[in-house]
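Remember, it's 1-based here, ligands and their atoms both numbered in the order they're listed.
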Amino acid sequence: MGSREGPCWGWGCCAPGPVLLLSLLWAAPSALLGEETRQVSLEVVSDWGGPPENLLHIRAVGTNSTLHYVWGTVGPPAVLLVATDTPHSVLSVNWSLLLSSEPYGGLTVLPKDSIQFSSALVFTRLFEFDGTNASDTAAQPPGRPYPPYSLAEFSWSNVSGSVDPATLSATFQGHPTGDPTGAFANGSLAFRVQAFPRSGRPAQPPRLLHTADTCQLEVALSGASPRGNRSLFGLEVATLGPGPACPSLQGQHSIDDEYAPAVFQLDQLLWGSLPSGFVQWRPVAFSQKQGGRESALPCRASPPYPTLAYLLSQSPIVRAFFGSQNNFCAFNLTFGTPTGPGYWDQHYLSWSALLGVGAPPVDALSPLVLGIMVVALGAPALLLLAGGLFLLLGPKGYSEYQRIN
Ligand SMILES: *[C@@H]1O[C@H](CO)[C@@H](O)[C@H](O)[C@H]1NC(C)=O
Ligand SMILES: *[C@@H]1O[C@H](CO)[C@@H](O)[C@H](O)[C@H]1NC(C)=O
Ligand SMILES: *[C@@H]1O[C@H](CO)[C@@H](O)[C@H](O)[C@H]1NC(C)=O
Ligand SMILES: *[C@@H]1O[C@H](CO)[C@@H](O)[C@H](O)[C@H]1NC(C)=O
Ligand SMILES: *[C@@H]1O[C@H](CO)[C@@H](O)[C@H](O)[C@H]1NC(C)=O
Ligand SMILES: *[C@@H]1O[C@H](CO)[C@@H](O)[C@H](O)[C@H]1NC(C)=O
Ligand SMILES: *[C@@H]1O[C@H](CO)[C@@H](O)[C@H](O)[C@H]1NC(C)=O
């Protein structure tokens, strides 16, 4: 199946044209103005007396809006994103309803008429492909598929132990409930989520620019035994939005900058028009914890297609909020190529994305690079100006030639 337009992923493969550079230069000042802060809190919502049904509520309150991110592993890992136009909206959870066979109403954000936008992502399956004989690195799927791991059939550790109020982060760590081959005996799949009180950029690649309106997800597979010598992995993601249309997948040029030392594409999933939601990521994954150039692998995304709900693992969290709505879309992410770095290096793979509402953050050039460009573009302009002045005011001699009759 056709993936994104162009083979433009990886490190330094697409140089920005002058128009791009100029438009970035133009965009830089306005991007610097977008400084908004939010009061962010993380709360694990417990089902008193039950087993650990992990539900993490991230509430980000601004002056006149509240964002609710509800992450959970009741069913496959899922997140609900609800944006409201009041600083006072709250999440209400009815566990008996949420865990019933008809969960609709088990999760609500009140008051209901304050909701401006809502969407959901569900991580349904982990794929593994045998890349040994794959010659066409762009082929989809990138090799013979092994039976996928259904993430609905994972068991997840108690998220309470991982909540870190200092970094506003928490981790859901899981492994298959039944693991006959022991592939996950020493391994896990982890979903680390992090919220932010203001905009900034983490130290770890891919160094996505975040704002107070966004929440970051890092998915990491580590220590699991691959089923082949050259195993490639993939992730199936289902989406649900406010309308029946699938979110659109867009590739944007990003910039070569000290923040991301290569020109990258920035991929994003957008739901309709504003106020809307987005998922944004650089098409790169890493095969080492300390991600860097040497461990970067391309990440390909297939465009989202409408998918029948019954083909996907059902998420009680999503059904508790949206009801039995059926306009799911799904897309696949695949990581790496049979050549180049891969999971086989260190039995490690990580990929990050940002989720949010409003306009997706736009990379601005760092002040250092901006300074260099001003100097670089400025010097020829000064020379031109000086040349022009010289011609205009130039050697006094010209005007002194008088016609001699
Ligand atoms: C989860 O961990 C928290 C604290 O780390 C603990 O209070 C709680 O009882 C645990 N929940 C379950 C169901 O084990
Ligand atoms: C939010 O509040 C600010 C300041 O109080 C105001 O300028 C802005 O228009 C408000 N935005 C919305 C969407 O109501
Ligand atoms: C939860 O939902 C059930 C079923 O609708 C209802 O009977 C119960 O009162 C609700 N519990 C709370 C705390 O609202
Ligand atoms: C890979 O290719 C070799 C030689 O062509 C063949 O013997 C082997 O069965 C292939 N393996 C797979 C997994 O297709
Ligand atoms: C898991 O780790 C233990 C101890 O490090 C090791 O002996 C065992 O072989 C590992 N199992 C797998 C499946 O990698
Ligand atoms: C994997 O590598 C090992 C050792 O390099 C080799 O013995 C084995 O045949 C390989 N397996 C496959 C399926 O290629
Ligand atoms: C994702 O990939 C798997 C395995 O190649 C395939 O069965 C499935 O249909 C794909 N899903 C989408 C939405 O492309």
Side-chain angles (χ1 to χ4, degrees), residues 1-4 42-57 72-74 76 90-110 112 121-131 134 136 138-151 155-165 169-174 227-228 231-240 246-249 267 269 279 299-313 316 319-321 323 327-336 338:
M1 193 186 318
S3 56
R4 284 192 345 269
L42 268 67
E43 185 202 5
V44 177
V45 187
S46 305
D47 173 18
W48 298 111
E53 301 288 359
N54 285 323
L55 202 60
L56 176 76
H57 178 210
T73 51
V74 186
V90 292
L91 175 75
S92 159
V93 182
N94 180 331
W95 278 102
S96 57
L97 212 48
L98 174 58
L99 299 178
S100 72
S101 57
E102 286 298 331
Y104 184 49
L107 282 177
T108 41
V109 169
L110 302 169
K112 274 190 175 166
L121 293 183
V122 188
F123 299 87
T124 44
R125 291 190 287 177
L126 174 70
F127 296 118
E128 184 175 352
F129 306 98
D130 177 7
D136 180 2
Q140 295 293 335
R144 192 176 51 83
Y146 294 104
Y149 295 102
S150 167
L151 300 189
S155 55
W156 303 89
S157 61
N158 182 352
V159 74
S160 305
S162 71
V163 173
D164 180 1
S169 67
T171 305
F172 298 87
Q173 198 164 31
R227 285 173 276 187
S231 275
L232 301 175
F233 288 89
L235 206 51
E236 182 181 59
V237 187
T239 70
L240 193 62
C246 285
S248 60
L249 178 68
D267 281 357
L269 216 56
V279 186
C299 156
R300 289 173 174 277
S302 68
Y305 274 106
T307 305
L308 295 170
Y310 69 83
L311 295 177
L312 299 164
S313 314
R319 289 190 53 209
F321 185 83
N327 33 13
F328 280 94
C329 299
F331 67 101
N332 279 345
L333 294 163
T334 45
F335 309 109

Check: Pro304 and Leu269 side chains under 4.5 Å, non-hydrogen atoms: yes
Atoms in ligand 7 flagged as close to Asn332, the criterion being non-hydrogen separation under 4.0 Å: 1 (C), 2 (O), 3 (C), 8 (C), 10 (C), 11 (N), 12 (C), 14 (O)
Donor-acceptor under 3.5 Å (Thr307 side chain, Tyr305 main chain): yes
Ligand-side contact atoms (ligand 1) for residue partner Ser160, heavy atom cut-off under 4.0 Å: 1 (C), 2 (O), 3 (C), 4 (C), 5 (O)
Enumerated ligand 7 atoms positioned under 4.0 Å from heavy atoms of Ala330: 13 (C)
Main-chain N/O of Ser46 paired with Trp95 side-chain donor or acceptor, under 3.5 Å: yes
Flag for Asn94-Ser92: side-chain donor and acceptor within less than 3.5 Å: no
Heavy-atom protein neighbour under 4.0 angstrom from atom 2 (O) of ligand 3: yes
Side chain, backbone, both or neither: Phe129 near ligand 7, heavy atoms under 4.0 Å: side chain
Distance-only donor-acceptor check, side chains Glu128 and Ser231, under 3.5 Å: yes
Residue selection (non-hydrogen contact nearest atom 11 (N) of ligand 1) among Val163, Asp47, Asn158: Asn158
Closest to atom 12 (C) of ligand 3 (judged by heavy-atom distance), picking from Leu97, Leu98, Asn94: Asn94
Lys/Arg cation over aromatic Tyr149: Arg227, 6.0 Å, 45° cone: yes
Donor-acceptor contact below 3.5 Å, side chain Asn54 vs main chain Val159: yes
Verify atom 14 (O) of ligand 3: protein non-hydrogen atom under 4.0 angstrom away: yes
Tyr305 near ligand 7 by a heavy-atom separation under 4.0 Å: no
